[in-house]
Structures are given as structure tokens and as C-alpha cells.
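In what follows, a structure is listed as C-alpha cells, so that the remarks can point back to it.
For reference, positions follow the sequence shown, starting with 1. In this text, all values refer to a predicted model and were calculated from it rather than measured experimentally.
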Amino acid sequence: MAAAQTAVQLECAGVGVLLSVRDGRLPEVAHWGPALGRLDAAGADALVGAQEQRVGPNTVGVPVRVALLPEAGTGWTGRPGLSGSRDGAGWSPRFDVHEVTLDGAPVEGFASAGSGVVQFAATDGELGLDLLLTMELTQSGVLRSRARLTNARPEPYEVNDLVLAYPVPAEAAELLDFAGRWGHERVAQRSTFTVGTHLREGRRGRTGADAAYVLHAGTPGFGFADGDVYAVHTAWSGNHTHYAERVFGGERVLGGGELLLPGEVMLGEGQSYESPWVYAAFGRGLDEVARRFHRLLRARPAGGLSVERPVTINVWEAVYFDHDADRLTDLAERAAALGVERYVLDDGWFGARRNDHAGLGDWVVSPDVWPNGLHPLVDRVRELGMQFGLWFEPEMVNVDSEVVRAHPDWVMAARSELPVESRFQQVLDLAIPEAFGYVLGQMSAILDEYDIGYIKWDHNRDLVEAGDQTRGGRPAVHDQTLAFYRLVDALKAAHPGLEIESCSSGGARVDLEVMQHTDRVWVSDCNDPLERQDMMRWTGQLLPPEFLGAHIASGRSHTTGRVHDLGFRAATAVFGHLGIEWDLANASPRELDDLRAWVTFFKEHRGLLMRGDVVRMDGFDDHLRVHGVVASDQSEAVFAMVTTGSLDASPGPRLRFRGLDPNRDYLLRPLLVGTPPGGLEPARWWGAAPAYPGAVFRGSTLEHVGVAAPKLFPDQAVLFHAFRA
Ligand code: DGJ
């Protein structure tokens with residue numbers, strides 16, 4: 001390796017990355033993708049050189065370099081990594097790398113490791129800026145990078161944009177990302193990776209139901225099992241970007257970062273801006289990409305979740321704002337009788353919150369509806385052996401509230417008028433230390449008084465014109481996002497073991513940074529299983545099943561009006577963290593028996609359902625979904641066959657189940673929990689009813705040949721259990 005070059009190779013879990021610093025310039029990702037195997041300095045040099053573009057006609061006189069933080073000064077005409085200036089000057093940085101470290105040790109020439117952390121310290125002396133780029137290859141093969149920019153001069157430096165970019169090869173010609181809205185989150189969309197920028201901006205001040213979520217580029221037609229797939233995810237719960245950029249010269253990158261508002265980050269001398277982590281995962285097929293993210297989360301510093309995910313009841317769809325102590329106690333008793341383990345009291349227990357017009361922000365138990373406080377209910381829930389959970393929406397206020405009457409300047413606003421209302425509410429400016437302290441104090445008082453193991457943390461509006469009134473309306477989404485993380489962390493530190501659910505009008509705050517602070521997400525306010533099938537499938541592209549709140553609701557969906565059998569609702573929900581959201585006083589004895597059976601089923605199998613590897617099968621039929629969870633030692637699996645409409649063929653195509661050991665035999669059996677699915681005509685291989693002993697198949701047969709499907713009405717599901725024969 002030439003002295004002017006430094007290169008670092010990391011290889012872990014089948015993923016390889018080769019980083020190169022040439023002539024002291026910012027690091028390029030010379031390779032990111034399948035593992036390369038052990039390289040030596042000469043091999044690394046050759047690979048870096050092979051990436052080098054020839055100098056074309058009418059371009060800059062040196063090969064264009066696309067660094068992790070791309071710089072316009074290298075001749076790169078795509079999106080620059082850093083945009084900023086000192087009052088218009090000093091806008092084109094050229095950083096010189098002065099130190100490269102691998103796991104803290106300085107690197108000279110070439111170094112390699114398995115998983116590890118590489119850091120590049122760089123300076124632009126002319127502009128007075130210091131930059132620290134950090135890249136980590138994690139044990140799961142997920143790569144992540146972030147940047148810290150420091151102003152070394154007395155004159156303020158304004159950061160307008162800071163993004164990080166990962167190169168992808170030309171074969172990655174198709175894009176997949178997500179869109180959505182309230183009640184219809186994470187809708188997949190595919191497009192061709194054309195010249196130009198596919199830019200997804202989130203300007204909602206929260207992650208957003210319409211977030212790009214995970215932006216993939218892959219070989220055309222890539223599916224769950226096939227294709228080389230590269231994915232990025234910006235881990236940030238405020239304004240953010242994801243983008244795929246292709247320049248005509250040939251380079252393609254996937255990138256992301258925080259989306260900064262004008263003047264939002266102004267660095268004084270010695271002050272730093274730290275970007276969010278931008279994650280990147282490579283896999284053969286979408287399932288492998290998802291599995292890498294799942295393994296990463298299961299190993300998160302905040303701790304993985306115990307497989308004993310408690311079956312939950314949430315009272316929202318049962319009572320909404322109609323809080324009546326007797327009725328809510330009765331619901332607790334009915335839930336406990338079904339085997340439920342956690343009871344969550346939703347919105348409406350505090351202040352003047354009898355509907356969504358008033359009281360939000362006053363975190364004091366309402367004496368009107370709870371004259372004896374929450375004690376009688378909490379005590380009864382605990383006596384019944386359930387954990388008690390409580391709803392909060394700490395970042396929000398109704399203008400008609402005690403807190404806003406006392407502190408009108410704590411409401412976020414960019415101008416003299418307040419922003420347009422959304423759900424009759426405004427945003428409390430948590431970046432104001434007194435406001436932060438006030439909410440922390442009120443929440444802590446409740447957590448100290450009651451035996452509460454779980455918070456459902458809601459956030460029901462976009463941040464529109466979110467300025468800080470006490471600082472002349474300066475934009476404050478960045479500060480608000482950081483304050484949110486701080487508030488969660490402070491409450492958790494003071495209450496060890498406290499679990500927090502990230503809810504935001506359903507699933508509008510789902511990202512990898514919020515998952516470093518909270519413990520599950522509410523996937524959507526839509527519990528309709530037909531909608532949920534796809535939402536669970538795609539939310540699961542980033543988060544493993546145990547992080548996905550999934551509840552069995554009443555027969556008629558409150559958000560779509562559709563009516564579905566309990567079996568379909570339950571067979572959908574058991575692939576997430578199971579709960580119930582239903583006024584059980586209105587459930588028939590038959591429904592209660594079935595519910596009990598599903599709760600029992602979940603508890604018996606949750607070790608697998610909440611820890612296994614997720615597999616999703618491609619193809620078959622537009623109205624057939626086949627997916628499952630396979631134990632990591634491949635000893636067993638639970639699969640689901642789901643009809644989301646009428647199949648073209650009847651019975652449907654053979655069912656193929658992936659993920660088992662191809663060389664082992666498995667006994668495959670239908671799992672009929674509760675009332676059998678509608679329109680069910682068993683397949684012959686099931687054997688004699690009612691026991692349905694099933695049949696033995698090779699893992700390879702299940703994957704490549706498949707087994708006959710039963711006949712099933714639309715909107716039904718059948719589960720199968722495979723275990724080593
Ligand atoms: C929105 C949430 O997504 C719902 O589950 C519920 O908690 C309501 N907010 C309460 O206002």
C-alpha cells in the first residue's frame with residue numbers, strides 16, 4: 001500500500017467493508033457488500049484502485065472521489081455531505097484526515113478486523129472546522145456511520161445540511177422504500193434507480209407515518225430471498241432525509257441525515273453538531289437485510305427484550321375517553337381471566353381531559369373521574385397478577401390546559417401567532433429547561449406514587465412552525481428531538497425496568513434511534529388484520545416481532561369498518577407483541593374461549609415467535625401471504641398461510657416454507673387454535689381430523705417443492721408448526 005494511503009477492512013457476519021483514505025482526503029467506501037475474505041495491503045490497494053474512475057473528457061482533472069461525507073471540492077457534483085457557511089463564506093470544505101483509528105488504535109497503512117469502530121479525525125484549517133467521522137461494523141453485519149462537526153473559530157458557523165453517503169454498485173438498479181399515512185403505515189413503493197435524486201424528506205418533526213423508513217437499492221426484481229440488496233436507514237425521530245442519488249458519470253449512493261431548518265444549528269466557538277447514525281445493511285434478499293437489523297436490535301445496549309413479552313390489554317378502543325372506574329376494573333378482571341399479563345390505561349385519566357379538546361399537558365390524576373386516584377384500579381390490576389401501564393403524551397398540550405395558561409410561551413411557535421392546531425393540540429417546547437423540568441416532575445410524581453411498569457408514550461401531531469418562542473421563534477425541532485430522548489432516558493434511569501412504548505398517532509415514530517430509548521412501537525391505530533398483514537410485514541423490515549405492538553380488536557374494525565373472524569385477527573397479531581384492544585364485556589362466550597386459546601397459544605410459543613428469524617415467502621398469488629418465524633437453531637418454526645382476497649387458483653398454489661435445515665426431516669402440522677378458519681378444507685397430507693397429525697417433509701422439500709395448500713375463504717389464516725421429526 002502506497003504510503004499516501006490508509007485502508008481499513010472490516011468483515012463480519014458475511015458483510016465486508018473497505019475504507020480508503022488517499023492523500024489525506026476523507027474516507028471513501030471502496031467496498032461495501034458481500035465479505036471479501038482476508039485481504040493484504042496489496043489486495044486492498046488493488047481493490048481501491050479498481051474503484052478509481054478514469055478521468056473523462058470535460059470533467060475535473062482527477063478521478064472523482066465520493067467520500068462517506070462527499071465534498072464538492074473533489075469534483076463531486078452530487079449532493080455534498082456538508083453544506084454550511086460563516087455568513088456566506090467558507091462554504092466549500094476540504095478536510096484533511098490527520099488520524100485514522102481502529103477500535104481506538106492508530107492505523108498506519110493497512111489494518112483489518114472483524115466487527116469494529118473506525119474513526120477518521122479531519123480538519124479544514126482554512127475554514128476552522130474539525131470533523132470526526134465514525135463508522136462501525138456491528139456483529140450483525142449492519143454498518144453505521146455518524147459525523148461530528150466542531151467549529152474551531154470565534155465566528156459562528158451555520159450548518160445547513162450534513163448527510164452521509166454509501167456507494168452501491170450499478171447492478172443495484174431498483175429502489176424500494178415506504179410511504180403511508182395515519183392508519184395505513186409503511187406502504188411499500190418500488191421505482192427504478194434513475195439518474196437524479198430520489199429524495200425523501202421528513203418535515204413533520206417526528207419520524208412520520210410516511211417516512212421512507214428503510215431505503216433499499218437492489219438488483220432488479222429483488223425479493224425476500226433473492227437479489228443483492230443494499231439498504232439505508234436514518235436513525236432520527238425528527239426531521240430527516242433519505243436519498244438515492246445517481247449521477248450520469250456512473251456513481252450511485254444511498255444516503256441520509258437530519259433535515260435542518262434555517263438557522264437551526266449555529267455553532268459557536270468550540271461547539272459541535274453531531275449527526276444521527278445513518279445505518280446501512282447489505283443482504284441477499286430483503287429477509288437477510290431485515291435479519292441483520294433484527295439482530296442489531298436484539299443486541300442493543302438498552303437490552304434486548306425478554307422472550308416473555310407480556311400479553312397486554314389496552315383499553316383505548318374499549319372505552320376511549322369514557323373513564324368509569326367500575327367498567328375499567330371489570331375489564332381488568334375479564335382480561336386477567338383470559339391470561340392477560342399487562343393492563344394499559346390509555347388517554348383520559350388526567351386533568352380536564354374528558355375529550356381531546358382540553359387538559360393535555362396536565363399530568364395530574366383527574367379527581368372528577370378518579371376521586372380516589374388511580375389506586376383502586378392499579379391495586380386491583382396488581383392483585384390480578386397483571387402489570388399496570390399508563391398513557392402519556394409528554395410533548396403535547398391543549399391550549400385549554402393549566403400548563404399553557406400558566407406558561408403560554410412554552411408552546412412552540414415560529415411567529416406571533418400559534419401554529420395551526422392538529423387534534424386541538426400544540427407542542428410543548430421541551431428545549432426550554434423549565435418546561436422539561438415541569439413535565440419530568442409531573443411524570444415522576446405519577447411514577448413514584450403508583451406501581452407502573454409501562455408507559456405508552458404518544459405523540460399525536462406534526463411539528464408545524466416549531467420554533468422556540470423564548471428565542472424569537474428560532475426553529476427548534478432538532479433541540480426538541482434531543483430533549484425527547486433525554487426525557488425518556490431520565491425517566492428510565494430513575495425507574496429501572498420501566499418499559500416504554502413509542503406511539504405516535506399509531507406508528508409515526510418508528511426508527512432505530514427511538515428504539516435505543518424505548519421498547520416497542522405501536523405499529524398503527526388500525527387493528528384491521530387485513531391492513532395489518534402488510535403493515536406488520538413491512539414494519540418488520542426494520543424491527544423484530546417482539547418490538548411490534550399487535551392487538552386483537554373487536555370484530556368490526558374501528559378504523560375501516562370491516563368485519564373479520566377472530567381467527568384471522570388473532571393469527572395476524574401473534575406475529576407481534578400480542579395484546580387485546582376490545583371491550584371484552586361485548587365479547588360472546590365463544591369469542592372469549594377462542595381468545596383464551598390464542599393467548600395460551602402465544603404464551604406457549606412466544607419463545608419462538610419473539611426470538612426466531614423472520615421469513616417471508618415471495619410470489620404464489622397476489623392474495624396469498626406466507627410468512628413465519630424459524631428458531632435460530634432451525635429446530636422448529638411457525639408459519640402462516642394468509643388469504644387477503646380470493647386466490648386465482650382454488651385450492652391455492654403449493655406452500656413453500658423457507659428457513660429450515662434443508663437436510664433434516666420435519667413434522668409439519670396445522671395449528672388450529674380456537675374456531676377453525678372460515679371455508680377451510682384441509683389438505684390430504686394433514687391426515688385424519690380432528691387431530692390432524694400432519695406429515696414429515698425434508699427441509700429442502702418444504703423450501704423448494706412445497707406442500708398442498710388447504711382451501712380457505714378470503715381473509716382467513718392457518719398456522720403451521722414444523723419441528724424436527
Ligand atoms: C393515538 C394512539 O395511537 C391511540 O392508540 C390512542 O392512544 C390515542 N392516541 C389516545 O389519544
Side-chain angles (χ1 to χ4, degrees), residues 206 314-316 319-323 325 328 343-378 381 387-412 422-461 480 483-495 498-505 509 517-518 522:
R206 54 174 161 173
N314 179 292
V315 308
W316 179 241
V319 302
Y320 291 104
F321 287 109
D322 190 8
H323 281 206
L328 285 163
Y343 177 99
V344 182
L345 184 65
D346 211 282
D347 196 355
W349 56 267
F350 49 89
R353 186 76 167 173
R354 302 291 75 78
N355 51 49
D356 50 13
H357 290 254
L360 191 59
D362 298 334
W363 304 110
V364 175
V365 179
S366 173
D368 306 355
V369 283
W370 298 101
N372 301 312
L374 296 176
H375 287 291
L377 179 65
V378 177
V381 164
Q387 189 188 63
F388 188 81
L390 194 59
W391 182 96
F392 287 93
E393 194 179 0
E395 299 142 271
M396 297 289 161
V397 289
N398 288 123
V399 170
D400 184 0
S401 62
E402 297 303 327
V403 61
V404 174
R405 272 186 284 278
H407 305 283
D409 57 340
W410 288 1
V411 177
M412 295 190 93
S422 177
R423 206 193 183 200
F424 316 106
Q425 64 194 56
Q426 296 287 1
V427 185
L428 186 75
D429 191 341
L430 289 182
I432 299 174
E434 295 76 17
F436 183 96
Y438 175 88
V439 180
L440 178 61
Q442 285 205 329
M443 291 181 77
S444 302
I446 297 283
L447 292 173
D448 290 342
E449 181 172 354
Y450 298 100
D451 185 0
I452 293 173
Y454 180 80
I455 287 178
K456 177 176 176 182
W457 188 301
D458 212 337
H459 179 282
N460 281 303
R461 68 158 293 167
Q480 180 79 355
F484 156 62
Y485 297 142
R486 275 203 311 279
L487 185 57
V488 172
D489 293 349
L491 288 164
K492 281 199 152 199
H495 299 88
L498 177 71
E499 272 192 25
I500 297 185
E501 172 177 51
S502 171
C503 170
S504 181
S505 323
R509 190 147 67 182
H517 304 267
T518 62
W522 183 224

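In this structure, R353 forms no cation-pi arrangement with F321, as its terminal cationic atom is not both closer than 6.0 Å to the ring centre and no more than 45° off the ring axis.
Listed here is the closest heavy atom pair of C503 and W522: SG-CD1, 3.6 Å. The shortest non-hydrogen separation linking L491 to L498 is O-CD2, 4.2 Å. Nearest heavy atom pair, residue I446 against residue F392, reads CG2-CZ, 3.9 Å. In terms of heavy-atom proximity, S502 sits nearest to T518 at CB-OG1, 3.7 Å.
The aromatic ring centroids of Y454 and W391 lie 6.0 Å or more from each other. For F350 and W363, the ring centers are positioned less than 6.0 Å apart.
Annotation: salt bridge (charged side-chain N to carboxylate O under 4.0 Å, His left out) contacts of R354 (sequence neighbours excluded): D368. In this view, D362 satisfies the salt bridge (charged side-chain N to carboxylate O under 4.0 Å, His left out) rule with no residue, not counting sequence neighbours. Taking the salt bridge (charged side-chain N to carboxylate O under 4.0 Å, His left out) definition, one finds that E395 meets it with R509, sequence neighbours left out.
We find the CE-CD distance between M396 and E393 to be 5.5 Å, quoted to the nearest 0.5 Å. Rounding to the nearest 0.5 angstrom, the gap separating the CG atom in D409 from the CD1 atom in I432 is 6.0 Å.
Aromatic ring pairs are classed by plane angle as parallel below 30°, tilted from 30° to 60° and perpendicular above 60°; the pair W410 and H407 is parallel. In this pair, W370 and H323 present their aromatic rings perpendicular. The plane angle is above 60°, beyond the 30 to 60° band.
For N460 (side chain) and S505 (main-chain N/O), a donor-acceptor pair under 3.5 Å exists by modelled atom type.
In this structure, a donor-acceptor pair under 3.5 Å is present between the side chains of H517 and D489.
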